[in-house]
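What you see below is based on every heavy atom in this structure, not just the backbone, and it leaves out hydrogens, waters and symmetry mates. In what follows, every chain begins at residue 1, and chains take the letters A, B, ... in the order their sequences are listed.
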Amino acid sequence: MVKITLPDNSTKEFDNEITALDVAQSISSGLARNVLAAEVNGIIQDANMLITSDSTVKLFTWMDDEGKAAFWHSSAHLMAEAIEFFFPGAKFGIGPNIENGFYYDIDFGDRVLSENDFKKIEEKMLATARQKQQFTRKNVTKAEAIEYFSKKGDEYKLELLADLEDVDITFYESGNFVDLCRGPHIPHTGFIKAIKLLNVAGAYWRGDEKRKQLTRIYGVSFPKQKELTEYLELLEEAKKRDHRKLGKELELFTFSQKVGLGLPLWLPKGTDLKDRLTQFLTKVLKKRGYEMVSSMHIGNVNLYKLSGHYDKYGEDSFHPISTPIEGEEFMLKPMNCPHHCEIYNSKPHSYKDLPVRMAEFGTVYRYEQSGELHGLTRVRGFTQDDAHIFCRPEQVKKEFIAIIDLVQYIYKILGFKEFVTQISLRDKENRDKYIGSDENWEKAEKAIIEASEERGLKSKIEYGEAAFYGPKLDFMVKDALGRKWQLGTIQVDYNLRERFNLEYAGNDNLKHRPVMIHRTIFGSLERFIAVLIEHSAGNFPLWLTPEQAIILPISEKYHNYSKKVLNLLNDYEIRTQVDERSEKTGRKIRDAELQKIPFMLIVGEKEENENAVSVRQHGKGDLGTFSIEDFAKLVNKEVEEMIKE
RNA sequence: GCCGAUGUAGCUCAGUGGUAGAGCACUUCCUUGGUAAGGAAGGGGUCACGAGUUCAACUCUCGUCAUUGGCUCCA
């Protein structure tokens, strides 16, 4: 007799040994047809594994992340089998499932695999899938496993084996492919109905750039063709929203080989957008007790040696430049914090002055590897929306909460409704990697956790992800396509206050060290604007967009009236232009729509007579006739609504 | 930096071992038109760059640079 407890706490009893599939069958045959994997007493395993004693069972289908994981993991095996068929002797590294699909790292020896090979591999995979091959699990000893892969000549699997204990080593066999694998796998390959191999890439064996580079093949698979189609449509949509494409089309920024890699050139409209963003943020920050400061683009190399950044990141910075006569060395500023420390040190501080909140839109330069550069999201020169807060230890939590509120407010205004947070703490095992006393760390970690809880954030806690100088809280926004982007970060720092001898006089009249908090909301303006472009598909919020409206005269006869409208709207601080080209109205509308300008104001005889404009909204169509003043009020009211706290 | 792919007009892209193409954009002219492309003519390219093979290279080979998908890195 086996007693099975299900997640809803109901129980079922069976006479014999059973599998999770049998459990599913006892509930409904529909469920049984869809079960991909199961969790038995907390362990995720194959749905067809025998259950011999009373157990708690959870069943996973395609609707569950665990089900998808098994599905994609099995798809990776299926791909490996097909690849082994076409490329006998290929050696296999690892082939896991990932967030959206799977990959397999493979050593093809002298052969090269290209995307041209995808089609035949996909077809082979589908043909195999249709055979409903079972994944057979086999317990093997370490010696047996080593013998198998030695014979096969797969040194990667042998290396993986070397790290495994001689217990619970399992092989999975499906068709002609045998793999060292922990599982779980789906019951048979027949579930896999749609497959798409996406791209090939080089990937270092075990992520170590000193080791051999294997060929990584990414793919995705689904139980229904329709889901694959939808997924591919999502990828298409992402392509359409690519900020590099839209940045060009909307004339926001460009790059030039002559200027240099990773050094963006902001065009007039992009500059306008960026400036408006910084102006808005400046206003918000001042309201919240921040003071704006500014520092230069270069700093003495000794400054960064003092801060410790030179030792740690000197390799990733531009080489020092020297003054022509004295030979004094300067570096392009890689971060703002040392400069801000010196601003703090420019006068003595009392505990009464704290916290000091110092903000700067500081442009910094970092040597990013050439292969890393990507549009505006990874560049060599960028502007941080940086701030440093110098406060007393007991103020840390309050400051943290204030920053969390600020970040939330800003994201909301910019149209990001969802974000997730991660708290990065010390590695529990290895505390030597960090500087600062245990006491301070504990205080700071506690403050972060409490602040996060107090604001109802469901932060994921990661141990070992903290910076060497303190714990941090990171913000990741979700964009309109559900993609996550890391933007803001709040970090506590116990390093710089020692190195820069930061102090304040306490109420005991003794010198104390302030706690320093680094924080950014966007990370970098460049990166943020890239994310904003992709999130909004170039349809920026009305308050932020470079051009809010465009005036479209029906013909030359109305150019004078158009200019009158332009001047009036300018008086209302509405950003607009007149399209004076000798084109038909339909054409002007089309071009304005493509430029994603929020409002088109069509003016002709009727409007001139009535002192009005005919308003068409981007993506929506004709809104009817408005007096110029009413239109201005409409825009300004909407803008006000958008940015009010 | 490493592995793969790509590089033809301002943009999007065809194309062939034998004198370089389209659409859009641009210029000029005609047109003055009411809610997503009016018409005509014209200008514009060392086919990324440099070598090699060939009677002949935009095309084939190699190298360089850049772009791109990843890997590694990210104060």
Exercise. Answer with yes or no whether the side chains of A:Thr520 and A:Asp386 bring together a donor and an acceptor at under 3.5 Å.
Key: no
Practice problem: Would you kindly say whether A:Trp485 and A:Glu534 are connected by a side-chain donor-acceptor distance under 3.5 Å? | Solution: no
Exercise. Determine the Euclidean distance between corresponding P atoms of B:U8 and B:U46; express it in Å to zero decimal places.
Key: 13 Å
Self-check item: Spacing of the C1' atoms in B:C74 and B:A14 (rounded, Å)
Solution: 41 Å
Exercise. Just compare B:C2, B:G69, B:U32 and give me whichever is closest to any side-chain atom of A:His374.
Key: B:G69
Quiz item: What nucleic acid atoms does A:Phe468 come within less than 4.0 Å of, heavy atoms only: base, sugar-phosphate, or nothing?
Solution: nothing
Quiz prompt | P-based separation of B:G43 from B:A22 [nearest Å] | solution = 12 Å
Self-check item: Any donor-acceptor N or O pair under 3.5 Å, side chains A:Gln384, A:Asn336
Solution: yes
Return the polar atom pairs (N/O with N/O) between nucleotides 45-48 of chain B and the protein under 3.5 Å, or none.
none

Quiz item: At under 4.0 Å between heavy atoms, what does A:Lys557 touch on the DNA or RNA strands: base, sugar-phosphate, or nothing?
Solution: sugar-phosphate
Quiz item: Taking only Watson-Crick and G-U wobble pairs with both distances under 3.5 Å, what dot-bracket line describes RNA chain B, where [ ] shows pairs that cross earlier ones and | shows pairs with another strand?
Solution: (((((((..((((....[..)))).(((((.......))))).....(((((..]....))))))))))))....
Quiz item: What integer number of Å spans the C1' atoms of B:C65 and B:C26?
Solution: 29 Å
Practice problem: Between B:C60 and B:U68, how far apart are the C1' atoms? Round to whole Å, please. | Solution: 24 Å
Quiz item: Would A:Leu552 and A:Val603 count as a side chain to side chain contact (heavy atoms under 4.5 Å, CB included) if you check the C-alpha gap in whole Å, the side-chain angles of each, and the deciding distance to 0.1 Å?
Solution: CA-CA 6 Å; A:Leu552 310 180; A:Val603 297; over 6 Å; no
Quiz item: Do A:His618 and A:Asn539 have a side chain donor and acceptor closer than 3.5 Å?
Solution: yes
Quiz item: When the ring planes of A:Phe599 and A:Phe631 are compared, do they come out parallel, tilted or perpendicular, using 30° and 60° as the limits?
Solution: perpendicular
Quiz item: What heavy-atom pair brings A:Gln595 and A:Leu250 nearest, and what distance separates the two atoms?
Solution: O-CD2, 3.8 Å
Polar-atom pairs under 3.5 Å, protein N or O versus N or O of nucleotides 73-75 of chain B: list them with distances, or write none.
{"from": "B:C73", "atom 1": "O2", "to": "A:Arg378", "atom 2": "NH2", "distance (Å)": "2.9"}
{"from": "B:C73", "atom 1": "N3", "to": "A:Arg378", "atom 2": "NH1", "distance (Å)": "3.2"}
{"from": "B:C74", "atom 1": "O2", "to": "A:Arg378", "atom 2": "NH2", "distance (Å)": "3.2"}
{"from": "B:A75", "atom 1": "O4'", "to": "A:Tyr313", "atom 2": "OH", "distance (Å)": "3.3"}
{"from": "B:A75", "atom 1": "N6", "to": "A:Asp316", "atom 2": "O", "distance (Å)": "3.4"}

Quiz item: What are the two closest heavy atoms between A:Tyr344 and A:Met358, and how far apart are they?
Solution: N-CE, 3.7 Å
Practice problem: Compare every heavy atom of A:Arg497 with every heavy atom of A:Pro514, then report the nearest pair and how far apart it is. | Solution: O-CD, 3.0 Å
Quiz prompt | A:Arg244 side chain near B:G69 phosphate (N/O to OP1/OP2, under 4.0 Å) | solution = yes
Quiz item: Could you give the CG-to-C1' distance, from A:Asn100 to B:G70, as a whole number of Å?
Solution: 16 Å
Quiz item: Is there a ring pair (Phe, Tyr, Trp, His ring centres under 6.0 Å) between A:Tyr469 and A:Tyr494 once you walk through the steps?
Solution: CA-CA 6 Å; A:Tyr469 51 72; A:Tyr494 295 109; 9.4 Å; no
Exercise. Taking the side chain as every heavy atom from C-beta outward, state whether A:Gln422 and A:Glu465 have any pair of such atoms under 4.5 Å apart.
Key: yes
Quiz item: Along nucleotides 4-9 of chain B, 5' to 3', which nucleotides get a B, which get an S, and which get a -, given that the test is a protein heavy-atom distance under 4.0 Å?
Solution: S-----
Quiz item: Any luck finding a side-chain donor-acceptor pair between A:Tyr204 and A:Arg206 under 3.5 Å?
Solution: no
Quiz item: Taking atom C1' of B:U12 as reference, at what distance in whole Å does atom CG of A:Asp242 sit?
Solution: 15 Å
Practice problem: With sequence neighbours left out, write down each residue that passes salt bridge (Lys or Arg N to Asp or Glu O under 4.0 Å) with A:Glu593, or none if nothing qualifies. | Solution: A:Arg616
Quiz item: Can you give one letter per nucleotide of nucleotides 34-44 of chain B, 5' to 3': B if a protein heavy atom sits under 4.0 Å from the base, S if only from the sugar-phosphate, - if neither?
Solution: BBBBB------
Quiz item: Below 4.0 angstrom from OP1 or OP2 of B:C71, is there any side-chain N or O of A:Arg206?
Solution: no
Quiz item: For A:Leu214 and B:G69, what is the distance between atoms CG and C1' respectively, to the nearest whole Å?
Solution: 17 Å
Quiz item: Within the structure shown, what part of the strands sits under 4.0 Å from A:Leu261 by heavy-atom distance: base, sugar-phosphate, or nothing?
Solution: sugar-phosphate
